[in-house]
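The first residue of the sequence shown is numbered 1, and numbering continues consecutively from there. Just so you know, ligand 1 is whichever comes first in the structure, and atom 1 is the first atom listed for that ligand.
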Amino acid sequence: MNKKDLSFDGKLLNTPFGKKDVYGALSMPVYQSAAFEFDTAEAMEAAFKGLSADHTYSRITNPTVQYFESRVQLITNALSVTAVNSGMAAITNAIITMAQMGSNIVTSRFLFGNTYSFFATTLAAFGVEVRFCDLKNLYEVESHVDDNTCAVFLEIITNPQMEVVNLKAISEITKQKGVPLVADTTIVPFCAFNAKEWGINIEVVSSTKYISGGATSLGGLIIDYGNFDWLNSPKLHALAKEFGPAAFTAKLRKEIHRNLGAYMTPQVAYLQTLGLETLTIRYEKATTTCRQLAERLESLPKVERVNYTGLPNNTFSALSFEQFGDKPGAMFTFDLTSREACFSFMNRLCLVRRATNLFDNKTLAIHPASTIYATFTPEVRKEMNVSDKTIRISVGLEDVEDLFADFVQAIG
Ligand SMILES: *Cc1c(COP(=O)(O)O)cnc(C)c1O
């Protein structure tokens, strides 16, 4: 039997260890050690020069974290995977690897709150410009890109607006312009979406969400598909002459991630490796329940609008189906008549939890305008299309009947 031909879960569950475990452990043990010992000065020199694969220090590599990375690499077919301590660490490490003073990033205003703040405030202080545009308008995207553009950045389904970008069209533009396409794919995990097939060059993921296996821990992933010619990158041009398509990974692993010090810790890698084992089955159940709830909520008179790209009447339903199949994430939003109606709904919930986060095993509800976006000005909230009347639901693994009953009583 050829292990290369295995299915997604077959590959994932049979990812080989880098070295045979001395006790024959079936699960990769937690190598909870800051540093690693060497037999000789020569072996130590080789490891520090990167001439051997031996581990030296757990800010740089660790066997448990490396095993988690190798599982993700196997199922995504990537050139390299780097695991870090949060989704934001994945985004910041990836962008800092390609951006420098004078660079610009072309993106949308419809971004995760901290990503928006990182671009608009943190990076701006270092002379990196952010160019917001409507990613649905291809002409606008094209005209915002110039010689100093270091990346086009997007989220595959935006949150909480639920906008879907046309990945084929955008990746044609980035390819033609010689700019890397960086995508945050947190909303639709690997088992339902293959980023490489859609022309994405660098994928960033908050593994806190589906992958952690029930909100066990924070984590992030940077996935390099090795499908970009970094000779086109002003910052990585010189490295590309030496490392070819691996120039991004070389810059990230030899410099940026070591200097920023946000590598994933072994205990978290253990939890998330286990989380990966149940990803497909949890995603199947949560997305099925999500669709059923979204459909049923549409029938309630006090609900003004349900926004889920898997519903046939959704603006993005055809594009969403083309890109993500019939499982476009386990999150939807709905609008009630007012902010007061939303607060009353939130306060009456009995089963559904009032909490931020996404893709816990428990169903979560949040009023984005008064929480995640509370510190943004009303003008920025308006530009970001975050309405006072919207509730966001992240669907967990409870029974759909129990959940619907709670929604009905809480809406009143
Ligand atoms: C949660 C989230 C992030 C940030 O991830 P953390 O693990 O909380 O740092 C980034 N992007 C999206 C789409 C998210 O949902």
Side-chain angles (χ1 to χ4, degrees), residues 65 68 72 81-96 105 107-120 122-123 130 135 151 153-165 167 182-190 192-193 195 200 202-223 257 260-265 267-269 271-272 275-276 279 283 286-287 290 307 309 320 323-324 328-333 355-360 364-366 368 371-373 384-386 390 392-396:
V65 184
F68 175 58
V72 175
V81 174
T82 302
V84 287
N85 260 326
S86 68
M88 282 316 302
I91 293 165
T92 55
N93 274 267
I95 294 294
I96 290 172
I105 297 167
T107 187
S108 151
R109 278 188 197 279
F110 295 177
L111 290 174
F112 179 73
N114 289 109
T115 307
Y116 179 90
S117 164
F118 170 62
F119 286 167
T122 313
L123 274 185
V130 54
L135 295 178
F153 183 95
L154 55 84
E155 294 175 12
I156 53 172
I157 302 180
T158 72
N159 159 15
Q161 308 86 3
M162 311 293 281
E163 183 177 290
V164 180
V165 295
L167 293 169
V182 184
D184 179 338
T185 64
T186 302
I187 299 290
V188 186
F190 315 122
F193 176 70
I200 290 164
I202 304 291
E203 180 177 17
V204 287
V205 180
S206 167
S207 58
T208 313
K209 312 295 164 53
Y210 296 110
I211 294 167
S212 75
T216 61
S217 47
L218 269 88
L221 290 162
I222 303 164
I223 302 169
H257 115 89
L260 296 186
Y263 198 48
M264 183 174 272
T265 53
Q267 186 75 39
V268 168
L271 292 169
Q272 302 207 353
L276 271 181
L279 176 65
Y283 189 68
T287 48
C290 181
N307 195 358
T309 69
S320 175
Q323 296 179 169
F324 317 115
M331 174 187 86
F332 68 96
T333 69
T356 189
N357 200 14
L358 292 172
F359 318 128
D360 194 326
L364 313 177
I366 193 165
T371 55
I372 302 168
Y373 299 93
M384 294 180 88
N385 207 3
V386 175
T390 303
R392 186 186 84 187
I393 303 294
S394 164
V395 179

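- In the model, Ser212 has no side-chain atom that pairs as donor or acceptor with a side-chain atom of Gln272 under 3.5 Å.
- Here the heavy atom of the protein found nearest to atom 7 (O) of ligand 1 is Thr208 OG1, 2.6 Å.
- With no hydrogens or angles considered, a side-chain donor-acceptor pair links Gln161 and Thr158 at under 3.5 Å.
- Residue Asn159 places no N or O, backbone or side chain, under 3.5 Å from any N or O of ligand 1.
- Taking the centre and axis of the six-membered ring of Tyr283, the NZ or CZ atom of Lys209 falls outside the cone set by 45° and 6.0 Å.
- Asn159 places a side-chain heavy atom less than 4.5 Å from the side chain of Met331.
- The shortest heavy-atom contact between Pro328 and Ile157 is O-CD1, 3.7 Å.
- The nearest heavy-atom contact from the protein to atom 12 (C) of ligand 1 is Asp184 OD2, 3.4 Å.
- In summary, the atoms of ligand 1 found under 4.0 Å from a heavy atom of Gly87, numbered by their order in the structure, are 5 (O), 6 (P), 7 (O), 9 (O).
- Protein heavy atom nearest atom 4 (C) of ligand 1, with residue, atom name and distance: Phe112 CE2, 3.4 Å.
- Of the polar atoms of Met88, at least one N or O is found under 3.5 Å from an N or O of ligand 1, judged by distance alone.
- Side-chain contact between Leu276 and Val72: present, with at least one pair of heavy atoms (C-beta onward) separated by less than 4.5 Å.
- Residue-ligand proximity, Lys209 to ligand 1, at heavy-atom distances under 4.0 Å covers atoms 1 (C), 2 (C), 3 (C), 5 (O), 14 (C), 15 (O).
- For Ser206 and Thr186, the side-chain atoms include no donor-acceptor pair closer than 3.5 Å.
- Shown in contact with Leu358 at under 4.0 Å from a heavy atom are these atoms of ligand 1, numbered in order with element: 15 (O).
- Backbone and side-chain nitrogen or oxygen atoms of Ser206 are examined, and one is located within less than 3.5 angstrom of a nitrogen or oxygen of ligand 1.
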